[in-house]
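Notes follow the structure.
Computed from a predicted structure; not experimentally measured. Each residue takes its place number in the sequence, starting with 1.
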Amino acid sequence: MTLDDLAFRLNEYSGDEGTTFDAFVTERGILEVVCSNDDEFPIHVTMTETQLLSVTPLFSTSEVLPDKQGELNDAFLRLSPAVPLSSIGLQGDTYILFGAMALSTRLEVIAHELAVQAENTIDVLEAVEHLLA
């Protein structure tokens with residue numbers, strides 16, 4: 001499977017709950033996926049030799065209220081177990097939500113995990129919005 005193949009298959013996919021995807025490979029070779037249940041935050045998918053990595057940029061460290069950095073980090077540590085199939089991290093100066101799947105994962109499972117990651121993005125942002133500028 002290539003990212004182009006995955007983009008094609010996701011664009012043709014419709015889940016049981018009507019979830020659809022708009023996916024394309026960018027000039028940088030990253031698959032950008034927009035899920036119909038959250039069209040505001042695209043998921044970036046890359047491929048290694050063994051897995052698919054999915055990353056949703058959330059916000060920059062500069063968007064955190066100056067005196068709330070510690071509270072935000074504590075909130076993320078507490079939230080992480082409550083967001084299935086996703087983890088929260090920091091990549092450079094950007095907070096991210098991320099997940100990983102084996103290359104052998106069936107399309108239905110990939111679609112489900114991407115849909116869950118899109119839903120988790122909304123849940124995580126709602127939980128910490130009071131800490132952002």
Interatomic spacing from CG in Leu58 to CD1 in Ile88 - rounded to 0.5 Å: 7.5 Å

same_hphob_cluster(Leu31, Leu103) at 4.5 Å side-chain heavy-atom cutoff: yes

Thr61 vs Leu90 side-chain heavy atoms within contact, under 4.5 Å: yes

Which atom of Pro84 lies closest to which atom of Asn120, heavy atoms considered: O-ND2, 2.7 Å

Leu132-Leu79 co-clustered via ILVMFWY side chain contacts under 4.5 Å: yes

Non-hydrogen side-chain atoms of Leu107 and Tyr13 separated by less than 4.5 Å: yes

Non-hydrogen atoms of Pro81 and Leu77 that approach each other most closely: CD-O, 3.4 Å

Side chains of Tyr95 and Val128 in contact at under 4.5 Å (non-hydrogen atoms): no

Test side-chain contact (heavy atoms from CB on, under 4.5 Å) applied to Val109 and Met101, step by step: CA-CA 9 Å; Val109 176; Met101 296 166 265; 5.6 Å; no

From Phe98 atom CZ to Gln91 atom CD, the distance as rounded to the nearest 0.5 Å: 9.0 Å

Closest non-hydrogen atom pair between His130 and Leu65, with its separation: O-CD1, 3.6 Å

Carboxylate-amine/guanidinium contact Arg9 Glu12, below 4.0 Å: no

Nearest-0.5 Å distance, CD1 of residue Ile43 to OG1 of residue Thr56: 4.5 Å

Under 3.5 Å donor-acceptor, Thr105 side chain and Ala102 backbone: yes

Distance (rounded to the nearest 0.5 Å) between Met47 CE and Leu6 CG: 6.5 Å

Donor-acceptor under 3.5 Å (Glu63 side chain, Ser60 main chain): yes

Atom of Ala23, atom of Asn11 and distance for their closest heavy-atom approach: N-OD1, 2.6 Å

Val83 with Leu131, same ILVMFWY side-chain cluster at under 4.5 Å: yes

Distance in Å, Leu10 CG paired with Leu114 CG, rounded so as to fall on 0.5 Å steps: 6.0 Å

Qualifying side-chain hydrogen bond (donor to acceptor under 3.5 Å, both in side chains) pairs, either residue in residues 33-51, two or more places apart: Asn37-Glu119

Flag, side chain of Asp74 to backbone of Gly70, donor-acceptor distance under 3.5 Å: no

Nearest-0.5 Å distance that lies between atom CD1 in Ile30 and atom CZ in Phe24: 10.5 Å

Cluster link Val33 to Met1, ILVMFWY, side chain under 4.5 Å: yes

Student check: side-chain heavy atoms of Leu125 and Phe59 closer than 4.5 Å: yes

Closest approach of Leu72 to Val64 (non-hydrogen atoms, all atoms of both residues): CD2-CG2, 3.5 Å

Closest non-hydrogen atom pair, Cys35 against Phe21: SG-CE2, 3.7 Å

Linked, directly or transitively: Ile110 and Leu53 (ILVMFWY side chains, under 4.5 Å): no

Short side-chain donor-acceptor distance under 3.5 Å, Gln117 and Ser54: yes

Flag if over 12 foreign heavy atoms under 6.0 Å of CG, Asp16: no

